[in-house]
Amino acid sequence: MRTLRPAEVAGLLATDIVAHLATIDAAEYPHVTPIWFLWDDGIFRLTSFAGRPHLRRILANPRVGLVIDREAAPRADGQRPNRQLRVIGDAELAADPDGRWTQRIREKYSPARAALGDAGRARVLITITPKLVVALASV
């Protein structure tokens with residue numbers, strides 16, 4: 001394992017890879033939810049439909065984890081190189097009433113869908129402030 005170079009970290013954060021958000025339930029078990037994200041000036045921004053279970057878990061316990069990883073095609077020696085960011089931090093929830101963050105995230109992942117609305121469904125902004133980021137590559 002090696003530490004990712006800053007350009008590799010920036011590249012990983014800019015891609016349309018789905019992140020995996022870990023939240024903790026009342027029995028202290030983790031739950032992992034695939035979710036789109038946007039890296040914005042040192043903070044992760046995500047949005048979700050109001051009422052989703054991961055939002056209730058964040059309200060009860062704002063400590064979260066986030067993993068972003070990309071695996072390359074297998075090499076001739078059988079290794080499967082990957083790059084990954086492992087993040088722990090605190091999440092805050094807020095309304096996204098004008099859909100600003102939802103729109104920006106959609107532009108990253110699906111430009112063709114970016115203009116589509118949610119037909120009146122409320123969205124919640126999840127802001128994650130990292131406490132620790134580990135950025136590694138397998139080779």
Side-chain angles (χ1 to χ4, degrees):
M1 298 293 269
R2 67 171 177 80
T3 302
L4 291 178
R5 294 179 292 277
E8 291 175 303
V9 171
L12 197 54
L13 290 169
T15 62
D16 61 356
I17 298 169
V18 173
H20 294 86
L21 172 67
T23 55
I24 305 297
D25 71 11
E28 298 185 7
Y29 284 97
H31 288 264
V32 178
T33 303
I35 192 165
W36 290 354
F37 75 94
L38 185 67
W39 177 247
D40 177 57
D41 198 26
I43 296 173
F44 289 94
R45 311 274 186 182
L46 311 86
T47 64
S48 186
F49 287 115
R52 301 290 299 153
H54 54 276
L55 298 176
R56 290 191 297 274
R57 291 189 293 268
I58 290 170
L59 279 174
N61 182 346
R63 295 180 303 177
V64 299
L66 196 66
V67 172
I68 302 158
D69 68 317
R70 169 158 272 167
E71 187 173 80
R75 297 185 336 182
D77 63 5
Q79 289 194 45
R80 298 179 68 99
N82 70 57
R83 294 183 178 126
Q84 56 185 270
L85 296 176
R86 301 177 197 167
V87 179
I88 57 171
D90 295 315
E92 294 180 28
L93 303 180
D96 188 24
D98 61 1
R100 175 178 162 230
W101 289 106
T102 299
Q103 177 72 17
R104 287 187 61 193
I105 292 167
R106 282 187 178 150
E107 287 169 359
K108 175 184 175 185
Y109 285 88
S110 182
R113 259 190 75 203
L116 300 177
D118 290 322
R121 294 180 67 187
R123 303 279 303 189
V124 175
L125 171 65
I126 306 165
T127 301
I128 300 173
T129 303
K131 288 190 175 275
L132 176 67
V133 177
V134 176
L136 299 171
S138 61
V139 290

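Residues: numbered from 1 along the sequence shown.
Within the structure, every pair that satisfies the side-chain hydrogen bond (donor to acceptor under 3.5 Å, both in side chains) test and touches residues 124-139, not counting sequence neighbours, is listed here: Arg45-Thr127, Asp90-Lys131. Among residue pairs with one or both ends in residues 81-112, those qualifying as ring-ring contact (aromatic ring centres under 6.0 Å, His included) are Trp36-Tyr109; sequence neighbours excluded.
Panel note: side chain Asp40, backbone Ile43; no donor-acceptor pair is recorded below 3.5 Å. Looking at Lys108, its side chain does come within 3.5 Å of a backbone N or O of Thr15 through a donor-acceptor pair. Remark: side-chain polar atoms of Glu8 are paired, donor with acceptor, to backbone N or O of Arg5 under 3.5 angstrom. Under the 3.5 Å distance criterion, the side-chain polar atoms of Asp96 are left unmatched by any main-chain donor or acceptor of Arg123. The closest donor-acceptor contact from the side chain of Arg63 to the backbone of Gly89 lies at 3.5 Å or more, if one exists at all.
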Practice task
Begin with the C-alpha distance, continue with both residues' side-chain angles, and end with the deciding distance and a verdict on side-chain contact (heavy atoms from CB on, under 4.5 Å) for Ile35 and Val18.
Solution key: CA-CA 6 Å; Ile35 192 165; Val18 173; 5.6 Å; no
Practice task
Would you please test Val134 and Ile88 for side-chain contact (heavy atoms from CB on, under 4.5 Å) and show each step?
Solution key: CA-CA 9 Å; Val134 176; Ile88 57 171; over 6 Å; no
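More than 12 heavy atoms of other residues, nucleotides or ligands sit less than 6.0 Å from atom CZ of Arg104. The number of heavy-atom neighbours closer than 6.0 Å to CD of Glu92, taken from other residues, nucleotides and ligands shown, is 12 or below. Other residues, nucleotides and ligands place no more than 12 heavy atoms under 6.0 Å from the CG atom of Asp41.
Remark: Phe37 pairs with Phe44 by the ring-ring contact (aromatic ring centres under 6.0 Å, His included) rule, at least two apart or across chains.
A side-chain donor-acceptor contact under 3.5 Å links Ser48 and His54.
Residue Ala91 comes nearest to Ile58 through the heavy atom pair CB-CG2, 3.8 Å, listed as atom of the first residue, atom of the second, then distance. Nearest heavy-atom pair across Pro130 and Gly42 is CD-O, 3.4 Å. Nearest approach of Asp69 to Ile17, heavy atoms of both residues: O-CG2, 3.4 Å.
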